Amino acid sequence: MVNFNYMTPTRLIFGKDVVNKLTDVMKPLGRRVLLTYGGGSIKKIGLYQKVMELLKDFEVYELPGIEPNPKYSTSVLGGVKICKEKNIDVILSVGGGSVLDCTKAIAAGACYDGETWDLIIHKVPTKAALPIVDIMTLSATGSEYDAGGVISRTETNDKLAYMDPHLYPVVSFLDPTYTFSVNKKHTAAGTADAINHILEQYFCADHNTLADGFCEAGLRTLMQFCPIALREPENYEARAELMLACCYGCNGIYALGNSKGGWPMHSIEHALSAYYDITHGEGLAIITPRWMKYILSERTVERFVSLGTHLFGIDATLPAMEIAEKTIEKMYQFFESIGIPMHLREVGIDETRLAEMAHHISQEGLAGSHMYVPLSEEDILNILKASL
Ligand code: NZQ
Ligand code: ZN
């Protein structure tokens with residue numbers, strides 16, 4: 001088992017109607033609030049109106065229209081400007097992972113005099129951020145319980161993960177009923193994203209029994225309850241199970257004591273969504289089985305056997321390579337069964353820019369020795385080609 005130094009300082013307030021506690025949570029954080037949200041789903045479900053009512057004694061400014069795959073030049077900089085001009089005390093993010101990720105970058109940018117991008121690329125250290133509170137409306141990213149945000153800069157085709165401990169939300173409100181309205185596409189994509197977060201941490205050289213069990217339970221939960229939520233969008237238990245399993249995704253808790261895997265599938269997918277603005281979870285579902293197949297070897301087969309026998313109940317007496325192949329097939333079939341398009345062409349990506357993307361991705365250090373399986377530019381290109 002490897003050493004670790006772990007803390008997630010975010011308070012989770014989970015369950016039906018927990019948003020009623022919003023006023024009490026916000027009061028100690030300040031009076032001037034920036035409310036951030038996306039394209040309007042929170043208005044359709046009545047959450048915007050509820051939040052405004054709960055914040056009637058606060059001075060509320062708004063940043064609407066934050067896009068999926070949030071953009072630096074519009075949303076992040078727009079939010080930083082409001083924070084500085086209005087002397088904002090606290091930011092309230094209401095929406096999915098994109099809104100919260102954007103909020104995190106705004107929170108840091110608001111406390112820095114230079115170019116916010118320099119914080120995102122870690123050119124300068126983040127020394128402070130405004131406090132963040134969020135109300136999550138989509139189960140997927142785990143942004144509500146982690147210290148990261150992913151920001152796209154369209155001009156340069158960059159989509160980068162910005163991680164810093166200052167970015168942990170102070171409080172995350174998780175009420176599964178606010179996810180009832182999430183459509184089939186985003187319910188499935190969110191589940192695929194969370195599944196992939198676990199796999200990124202499961203596939204590593206040094207792992208432990210407890211982490212394996214936790215990861216497998218997370219995967220089982222996601223795979224059991226996603227089909228129910230797709231069939232019955234207002235099934236509270238299903239939405240609650242998804243919400244809880246998703247929230248642990250990226251804060252390290254699934255893999256305490258494990259060595260690092262390097263998150264290769266995320267690096268690859270971030271390029272896909274940077275170049276083509278596709279839905280993150282769909283890109284990941286497409287890449288996952290192809291990456292698995294590509295890295296399968298005598299050295300890695302043990303991870304596949306563990307996953308296949310524990311999660312899918314594949315006969316442990318079969319030859320290891322056969323179990324591994326079946327495991328990859330099961331993973332593919334699951335994504336297909338929840339309605340995810342399983343080829344890049346189906347999400348509008350053809351061969352034209354694969355080489356360019358492979359080169360771009362290779363700049364993120366995927367060939368380094370910190371990776372579970374290092375990937376060269378050629379390897380990345382092969383995985384992309386296999387995903388077409
Ligand atoms: O914009 P609105 O109108 O709110 O609509 C959104 C959006 O169109 C809609 N939606 C959200 N809640 C809804 C709803 N529709 C109906 N009812 C609701 N209750 O869903 C659409 C997608 O929303 P988005 O926030 O983009 O989805 P998600 O939460 O999956 O976030 C994706 C972003 O997070 C990044 C991804 O790369 C992507 O940019 N990630 C962030 C991570 C993190 N912070 O730790 C880790 C992840 O690996 C991921 O990279
Ligand atoms: Zn993800």
Side-chain angles (χ1 to χ4, degrees), residues 22 25-26 28-43 47-48 51-52 54-137 141 143-144 146-172 273-274 277:
L22 181 68
V25 162
M26 296 290 282
L29 300 173
R31 231 183 71 77
R32 284 178 305 276
V33 179
L34 175 63
L35 170 65
T36 54
Y37 56 98
S41 68
I42 67 162
K43 291 190 173 167
L47 181 54
Y48 170 86
V51 165
M52 291 308 265
L54 288 165
L55 296 185
K56 63 179 186 305
D57 295 329
F58 293 72
E59 207 176 306
V60 181
Y61 298 90
E62 297 184 32
L63 179 71
I66 296 174
E67 329 70 355
N69 302 322
K71 311 295 182 289
Y72 176 72
S73 309
T74 46
S75 297
V76 175
L77 291 185
V80 170
K81 189 161 176 279
I82 300 174
C83 288
K84 288 183 174 172
E85 282 176 6
K86 303 297 181 190
N87 207 10
I88 294 293
D89 298 315
V90 48
I91 315 185
L92 174 63
S93 159
V94 186
S98 292
V99 174
L100 182 51
D101 284 6
C102 182
T103 299
K104 289 176 175 179
I106 294 170
C111 300
Y112 178 59
D113 283 337
E115 178 73 42
T116 303
W117 189 250
D118 292 343
L119 300 171
I120 294 171
I121 59 171
H122 297 284
K123 188 170 155 191
V124 291
T126 300
K127 297 213 171 111
L130 292 178
I132 298 163
V133 174
D134 65 86
I135 303 170
M136 278 314 264
T137 63
T141 60
S143 189
E144 63 275 25
D146 72 32
V150 187
I151 303 298
S152 297
R153 197 168 191 181
T154 318
E155 310 86 87
T156 50
N157 290 317
D158 281 314
K159 182 174 177 186
L160 300 177
Y162 170 32
M163 310 286 294
D164 189 274
H166 291 94
L167 306 182
Y168 280 111
V170 179
V171 173
S172 291
S273 44
D277 217 355

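Since we're looking at a predicted model, the values are computed, not measured. Residue indices begin at 1 and follow the sequence shown.
- Closest heavy-atom contact between G148 and S143: O-OG, 3.6 Å.
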Checking side chain to side chain contact (heavy atoms under 4.5 Å, CB included) for the pair V150/L160: CA distance, chi angles, key distance, verdict?
CA-CA 5 Å; V150 187; L160 300 177; over 6 Å; no
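- Counting only residues at least two apart or on different chains, the side-chain hydrogen bond (donor to acceptor under 3.5 Å, both in side chains) pairs with a member in residues 117-126 are T126-Y162.
- Within the structure, side-chain hydrogen bond (donor to acceptor under 3.5 Å, both in side chains) contacts touching residues 55-70 (residues at least two apart or in different chains) are R31-E59, Y37-E62, Y48-E62, E59-Y61, E67-T74, E67-S75, N69-K159, N69-D277.
- Taking every heavy atom of both residues into account, V33 and L92 meet most closely at CG1-CB, 4.1 Å.
- Shortest non-hydrogen contact noted between C111 and A128 is CB-O, 3.7 Å.
- Taking OG of S152 as the start and CG of D158 as the end, the distance is 9.0 Å to the nearest 0.5 Å.
- At a threshold of 4.5 Å between non-hydrogen side-chain atoms, the residues S172 and M136 do not count as touching.
- A donor-acceptor contact shorter than 3.5 Å is absent between the side chain of S93 and the backbone of D134.
- Residues satisfying the salt bridge (Lys or Arg N to Asp or Glu O under 4.0 Å) test with D89, not counting sequence neighbours, are R32.
- In terms of modelled atom types and a separation under 3.5 Å, the side chain of H166 and the main chain of A108 share no donor-acceptor contact.
- Of the inter-residue distances, the one linking E144 atom CD with I132 atom CD1 reads 12.5 Å to the nearest 0.5 angstrom.
- Interatomic distance, CZ of R153 versus CD1 of I121, reported as 8.0 Å (0.5 Å rounding).
- At least one side-chain heavy atom of T137 sits under 4.5 Å from a side-chain heavy atom of I42.
- Scanning both residues, C83 and I91, for their nearest heavy atoms gives SG-CD1, 4.0 Å.
- Considering every non-hydrogen atom in both T36 and I66, the closest pair reads CB-CD1, 3.8 Å.
- A distance of 9.0 Å separates CG in L167 from CG in D146, rounded to the nearest 0.5 Å.
- Nearest heavy-atom pair across I82 and L63 is CD1-CD1, 4.2 Å.
- Two residues are said to be in side-chain contact when any heavy atoms from C-beta on lie closer than 4.5 Å; V90 and L130 fail this criterion.
- Between the side chain of K104 and the backbone N or O of P169, no donor-acceptor pair lies under 3.5 Å.
- Annotation: the span from E85 atom CD to N87 atom CG amounts to 11.0 Å, rounded to 0.5 Å.
- Within a 6.0 Å sphere centred on NZ of K84, heavy atoms belonging to other residues, nucleotides or ligands number more than 12.
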